[in-house]
Number of protein chains: 2
Amino acid sequence: MKALRFENNQLKLAEIPKPIKESEAVVRVLKSGICNTDVEIVKGYANFQGTIGHEFVGMVEEAKDAPNLIGKRVVGEINAGCGKCELCLQNDARHCPQRTVLGIVGRDGAHAEFLTLPMRNLFEVPENISDVQAVFVEPLAAAFGITEQVKIVPETRLAIIGDGKLGNLCAQSLALESRNVFLIGKHEEKLNLVGNRNIETVLLKNAKKLNKSFELVVEASGSESGFNLALDLLKPRGKLVLKSTFHGEAKWQAWRVVVDEITIVGSRCGRFQPALDLLKNNLVAVESLISEKLSLTDGVKAMKIAEQKGVMKVILSITN
Amino acid sequence: MKALRFENNQLKLAEIPKPIKESEAVVRVLKSGICNTDVEIVKGYANFQGTIGHEFVGMVEEAKDAPNLIGKRVVGEINAGCGKCELCLQNDARHCPQRTVLGIVGRDGAHAEFLTLPMRNLFEVPENISDVQAVFVEPLAAAFGITEQVKIVPETRLAIIGDGKLGNLCAQSLALESRNVFLIGKHEEKLNLVGNRNIETVLLKNAKKLNKSFELVVEASGSESGFNLALDLLKPRGKLVLKSTFHGEAKWQAWRVVVDEITIVGSRCGRFQPALDLLKNNLVAVESLISEKLSLTDGVKAMKIAEQKGVMKVILSITN
């Protein structure tokens, strides 16, 4: 089968055997989405070697212990736990110390004709969610997962920094919880993609007037300057949610966090079911975030496009 | 009166007028303590000009609106709020946006014969607490203030990084809440100062074996390496309390905070009453932390001593 692989510091489309794993489901991938994490991996993040990609929708071909899944259209949680540790027994493999992560840690990913995942990781996709919409379940779960970690009520005044895909999904999903959501970014055309959803959009150059006015700031720009802006925007004792996994070392003024007694909350993966519910009930719009659709055979080119500034989601069509 | 002042990038003992402020109490300082923050201020931290020092015990000489305070031995909370904002009305000036801070922000400090503070900032010192013990109320409040911010139960496995004054006070006070306290530092002789108080002491070089085993880590070393060690020691979803205000920019691997979903809690000042209670009830030992006692007239020399590695608390005797 074809797979988009990063090996020996090189990204290439390779021909590799179709995966077989008796204990896991085999999924024929229909479409996959390119995430910034994929771009970071190709720069060296996470030291990953293998098939990249972790956002996908597919059809189940084999599932020995869950035959009812066969032929179903699914998405899949990307953390595959040991199944035995305390966390896994609570059905939360996201921090299982033995976990592999689809296309990120020790497990071939989704930019390929087939992938395998434990059957418990798979979620059937409701009929009214299209294939391309379903590709957004993973990043939408990550965005909405913030609500698992910090309390948001209608009065919570919150800002999201970054008008990229993740910032947009954070803004849309958190605006379902709070009536005071601000999205801050550099690009008017990207800010406008959130549409008419009770989100105040603010160009970065005008953000200064909002200093020290937020209880909660979500950093989704993945930049050092975004982090420092977040510290400017927060009230004392405010909370900063860090969403972006950017590679390398950032500089920060730790004393500001101490003096203002800021709480910083690292936030990675969210649960899939709430994200599926948001899409099923049409509460979040994702199709406007798509910049390009290419075929898996153009995967290397697609990654180059995804790296470019201003490009939002790039979707790979894999099989039909 | 004599005062130890930092002005025009120079530290000196100066002769200045005795302060008078009708709306505040005038306190004759008996003893003061040199804090690392004083040392940082002399390096440029907080951009402060004036009399340094914020740890003290003194006798109230004037207190127009609180005559019962006159002649009383007191310690004083260092944040002086506007008295009118929402926070001040909740009796918590620590984040009042208009606040001044004794010897740190816009208010002359404690290494002087007299100081003034709002009367509401003062706390009478119980008789069985000695003058030098009382000087520790401010840093002990800062250490024990962690319990205002994060939940600590007897089972909480927690580590404190840094065997200096602040690390020691954190270890002693948090060991009253948890049975699983580890103090990690570079110096065996400093580690031993915590004595026999149910605190496990660990030399830094042996800390690696404790990786990923703590729910809570307190960074009290004020160093970049301490911060990175904290990330090594924490379990996923653990909490890191940042206590030190060190000047300058530190480098950090923000992605580690995201991947392990660490929460970082900035922590500055604590409440005085609980710290007074700890000393009154002899639950924390502070006298062993004193390295040197000097007179205010030797204040410049005392600051030089306080800067040296291995030196713990330097106490200034001011008046009797």
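Per chain, numbering begins at 1; letters A, B, ... match sequence-line order.
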*chain B heavy atoms under 4.5 Å from A:Lys235: which part of the residue, side chain, backbone, both or neither?*
neither

*Please look at A:Arg94 and chain B and tell me whether the side chain, the backbone, both or neither of the residue comes under 4.5 angstrom of a heavy atom of that chain.*
side chain

*What is the distance from atom CD of B:Glu249 to atom CD of A:Glu224, rounded to the nearest 0.5 Å?*
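These two atoms lie 7.0 Å from each other.
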
*Whether A:Trp252 and B:Trp252 hold their rings parallel, tilted or perpendicular, with breakpoints at 30° and 60°*: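 A:Trp252 and B:Trp252: parallel rings.
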
_Partner set under side-chain contact (heavy atoms from CB on, under 4.5 Å) for B:Asn121, not counting sequence neighbours_ = B:Glu77, B:Ala80, B:Leu117, B:Pro118

*Tell me, side chain or backbone of B:Lys243 under 4.5 Å from chain A's heavy atoms, or both, or neither?*
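Contact with chain A: backbone only.
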
Counting heavy atoms not belonging to [X], are there more than 12 under 6.0 Å from its [atom1]?
X        : atom1 : answer
B:Lys208 : NZ    : no
B:Glu86  : CD    : no
B:Asn47  : CG    : no

*For A:Pro236 and B:His95, which heavy atoms make the closest approach, and how far apart are they?*
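The pair with the smallest heavy-atom distance is CB-ND1, 3.3 Å.
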
*Considering non-hydrogen atoms only, spot the tightest contact between A:Ser267 and B:Val258 and give its length.*
O-CG1, 3.4 Å

If you count heavy-atom pairs under 4.5 Å between each of [options] and chain A, which one has the most?
options                                : result
B:Lys239, B:Arg256, B:Arg237, B:Lys212 : B:Arg237
B:Val265, B:Val259, B:Leu240           : B:Val259
B:Val241, B:Asp260, B:Leu87            : B:Asp260

